[in-house]
Amino acid sequence: MQSIRRAAPAALLLAGALLWAGCGADQPISSAVGSYSDVAVLTDMKALGPVARQIQRSLEVELDYSLKPEKLFKVDLFDISDRRGAEVYKNVVVVGLVDGRDEGSKELRRRLGGETLSDAGHRDLFVAVEEDVYSRNQLVFYVAGRDRGLMQSALARNADLLIDRIESANRQRLREFLFSDGHETHLEQRIHQELGFHLQVPASYRETRFYAGENEGLVEVAAVRPTRAVSVYFRADVDSSLLEDRPALLELRRQWGRRFLEEKLQDAGGFTWQEDVPFGDRDCLVLGGFWEAEKGGYAGPFRTFFFYVPEQRRLHGVNILTYAPGMEKHTWMREATAVAET
């Protein structure tokens, strides 16, 4: 490897660090295939099968984007003897012991090198990531430790951090793909000039709604087949305390949905709130639920990310939604989030 880039302190796992490794000198020829939701865990299943299964349990969290629960990741376990099956995945997790003699641990040490693993010290869990190891457009996460039981415990307690790292990397790769065909530059300039914030719009997305008022505004951009949309709403001259009033935020979300998006929120399914959800370079309060079009019978999941900008005294609500009948919703919600984070 040419370089090792240390993650920020906020990315620390229990008694371990999450490191970002640079690309190696030898680049693979073929590209990874499949979905960004697919993860291959590669290890010596006899030696470290329990750790691999803990990673599988940690990553296969269920999402409530439809009546039928969806898994955020679909994790397949591969023994090191069947490594070629794992090498084509977009996300690969290689598991080994720092001093292990099994073939999975040898593969981990061969890839990371002694200097990198020396940073692991006596940590319960050590995670590094490298791009384009076995295939192009791939991320490989190396998970190492000195004791199998301690690794399992650390993974169980810090599953959210590993999920966030994989998902944020997935969204970054999605953005690179989406914007490889260019930007809607004129729309981006109009958003900045008339609404006062920046939003990058891929060439495959189109403006569907635009409103610029004195103290509030909204833009919606969307792609079709299936529909996935991003809308950004703001209200100016409000106090930051509004961010702490969830009933008021829900009512505000209802209002702008009716006024600008021609939709209503479905109360029957209930609503969820999540605090301190990473979103771009900030943490947000997130409202989740289901929307329904006022005409046409269209419906689907939505997520609204709320945050406050004190310099402008503005409350922002960044909304993502999809209408994807017969399809898994989370893949399209992931794409919408990738655009919204810009």
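Judged by distance alone, with hydrogens and angles left aside, the side-chain atoms of Arg136 form a donor-acceptor pair with the main-chain N or O of Ile29 at under 3.5 Å. Remark: the backbone N or O of Leu287 is not paired with any side-chain donor or acceptor of Arg303 at under 3.5 angstrom. Here the side chain of Asp79 pairs a donor or acceptor atom with the backbone of Met45 at under 3.5 angstrom. Side-chain atoms of Arg228 come within 3.5 Å of backbone atoms of Pro226 as a donor-acceptor pair (strictly under, hydrogens ignored). Between the side chain of Gln274 and the main chain of Val286, no donor-acceptor pair closer than 3.5 Å is present.
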(request) List the steps, then state whether side-chain hydrogen bond (donor to acceptor under 3.5 Å, both in side chains) holds for Thr304 with Arg253. (result) CA-CA 8 Å; Thr304 305; Arg253 175 63 183 83; 3.0 Å; yes
(request) Kindly determine whether Asp102 and Ser105 satisfy side-chain hydrogen bond (donor to acceptor under 3.5 Å, both in side chains), including the steps that lead there. (result) CA-CA 5 Å; Asp102 62 275; Ser105 299; 2.7 Å; yes
(request) Determine, step by step, whether Val88 and Gln138 satisfy the side chain to side chain contact (heavy atoms under 4.5 Å, CB included) criterion, reporting the C-alpha distance in whole Å, the side-chain angles of both residues, the deciding distance to 0.1 Å, and the verdict. (result) CA-CA 8 Å; Val88 298; Gln138 179 187 73; over 6 Å; no
(request) Report the C-alpha separation of Arg146 and Asp99 in whole Å, then their side-chain angles, then the decisive distance to 0.1 Å, and conclude whether the salt bridge (charged side-chain N to carboxylate O under 4.0 Å, His left out) test is met. (result) CA-CA 7 Å; Arg146 296 184 179 275; Asp99 299 319; 2.9 Å; yes
(message) Assess the residue pair Gln54 and Ser58 against the criterion (side-chain hydrogen bond (donor to acceptor under 3.5 Å, both in side chains)); give the C-alpha distance rounded to whole Å, side-chain angles, the decisive distance to 0.1 Å, and a yes or no.
(response) CA-CA 6 Å; Gln54 177 61 60; Ser58 297; 3.1 Å; yes
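Of all heavy-atom pairs spanning Ser37 and Arg334, the tightest one is OG-NH1, 2.9 Å. Between Leu155 and Leu162, the closest heavy-atom pair is CD2-CD2, 4.2 Å. The shortest non-hydrogen separation linking Asp132 to Pro28 is O-CD, 3.2 Å. The minimum heavy-atom distance between Ala52 and Thr43, with the atom names listed, is CB-CG2, 3.9 Å. Lys329 and Met327 make their closest contact through NZ-O, 2.9 Å (heavy atoms, listed as atom of the first residue, atom of the second, distance). Contact record, Leu265 with Leu250: CD1-CD1, 4.0 Å, taken as the closest heavy-atom pair.
Note on Val238: it does not cluster hydrophobically with Val232, by side-chain heavy-atom contacts below 4.5 Å among ILVMFWY residues. A continuous path of ILVMFWY side-chain contacts below 4.5 Å connects Ile163 to Val51, so both sit in one hydrophobic cluster. Using a 4.5 Å cut-off between side-chain heavy atoms of Ile, Leu, Val, Met, Phe, Trp and Tyr, with links allowed through other members, Leu72 and Ile320 fall into the same hydrophobic cluster.
To the nearest 0.5 Å, atoms OG (Ser204) and CG (Asp181) are separated by 7.0 Å. For the atom pair CG (Asp44) and CD (Glu103), the distance works out to 7.5 Å, reported to the nearest 0.5 Å. In this structure, the separation between CG on Leu252 and CG on Leu242 is 6.5 Å, given to the nearest 0.5 Å. Atom-to-atom distance recorded for Thr322:OG1 and Glu335:CD is 9.0 Å, nearest 0.5 angstrom. Within the model, atoms CG of Asn319 and CG of Leu261 stand 6.5 Å from one another, a figure rounded to the nearest 0.5 Å. To the nearest 0.5 Å, atom CG of residue Leu42 and atom CD1 of residue Ile80 are 4.0 Å apart.
Figure legend: cation-pi geometry between Arg314 and Phe234, with NZ or CZ positioned under 6.0 Å from the six-membered ring centre and within 45° of its axis.
Arg57 meets the salt bridge (Lys or Arg N to Asp or Glu O under 4.0 Å) test with no other residue; sequence neighbours excluded.
Checked for salt-bridge contact, Glu341 and Arg171 meet the test: a charged N lies under 4.0 Å from a carboxylate O. A salt bridge is defined here as a Lys NZ or Arg NE, NH1 or NH2 lying under 4.0 Å from an Asp or Glu carboxylate O, and Glu107 with Arg110 meets this definition. At a threshold of 4.0 Å, the pair Glu184-Arg206 counts as salt-bridged, since one of the basic side-chain nitrogens sits closer than that to a carboxylate oxygen. Salt-bridge formation is detected for the pair Asp267/Arg254: a Lys NZ or Arg NE/NH1/NH2 atom is positioned less than 4.0 Å from an Asp or Glu carboxylate oxygen.
By the 6.0 Å contact criterion, CD on Glu251 is enclosed, its count of non-hydrogen atoms from other residues, nucleotides or ligands being greater than 12.
For the 3.5 Å distance criterion, the side chains of Arg173 and Asn91 qualify, holding a donor opposite an acceptor. In this structure, a donor-acceptor pair under 3.5 Å is present between the side chains of Glu130 and Tyr142. If you check the side chains of Glu216 and Tyr233, you find a donor sitting under 3.5 Å from an acceptor. Side-chain contact, Gln172 with Arg175: a donor N or O sits under 3.5 Å from an acceptor N or O.
The only member of Glu62, Glu328, Glu60 that meets salt bridge (Lys or Arg N to Asp or Glu O under 4.0 Å) when paired with Lys74 is Glu328. Under the side chain to side chain contact (heavy atoms under 4.5 Å, CB included) rule, Tyr89 has a single partner from Tyr134, Tyr36, Phe78, which is Phe78. Tested against His316, the residues Phe306, Phe197, Tyr308, Phe305 include a single ring-ring contact (aromatic ring centres under 6.0 Å, His included) partner, Phe197.
With ring centers used as reference points, Trp291 lies 6.0 Å or more from Phe302.
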Side-chain donor-acceptor pairs under 3.5 Å in residues 185-195, sequence neighbours left out?
{"residue": "Glu188", "atom": "OE2", "partner": "His183", "partner atom": "ND1", "Å": "2.8"}
{"residue": "Glu188", "atom": "OE2", "partner": "Val201", "partner atom": "N", "Å": "2.7"}
{"residue": "Arg190", "atom": "NE", "partner": "Glu194", "partner atom": "OE2", "Å": "3.3"}
{"residue": "Arg190", "atom": "NH1", "partner": "Glu207", "partner atom": "OE1", "Å": "3.3"}
{"residue": "Arg190", "atom": "NH1", "partner": "Glu207", "partner atom": "OE2", "Å": "3.4"}
{"residue": "His192", "atom": "NE2", "partner": "His198", "partner atom": "NE2", "Å": "3.4"}

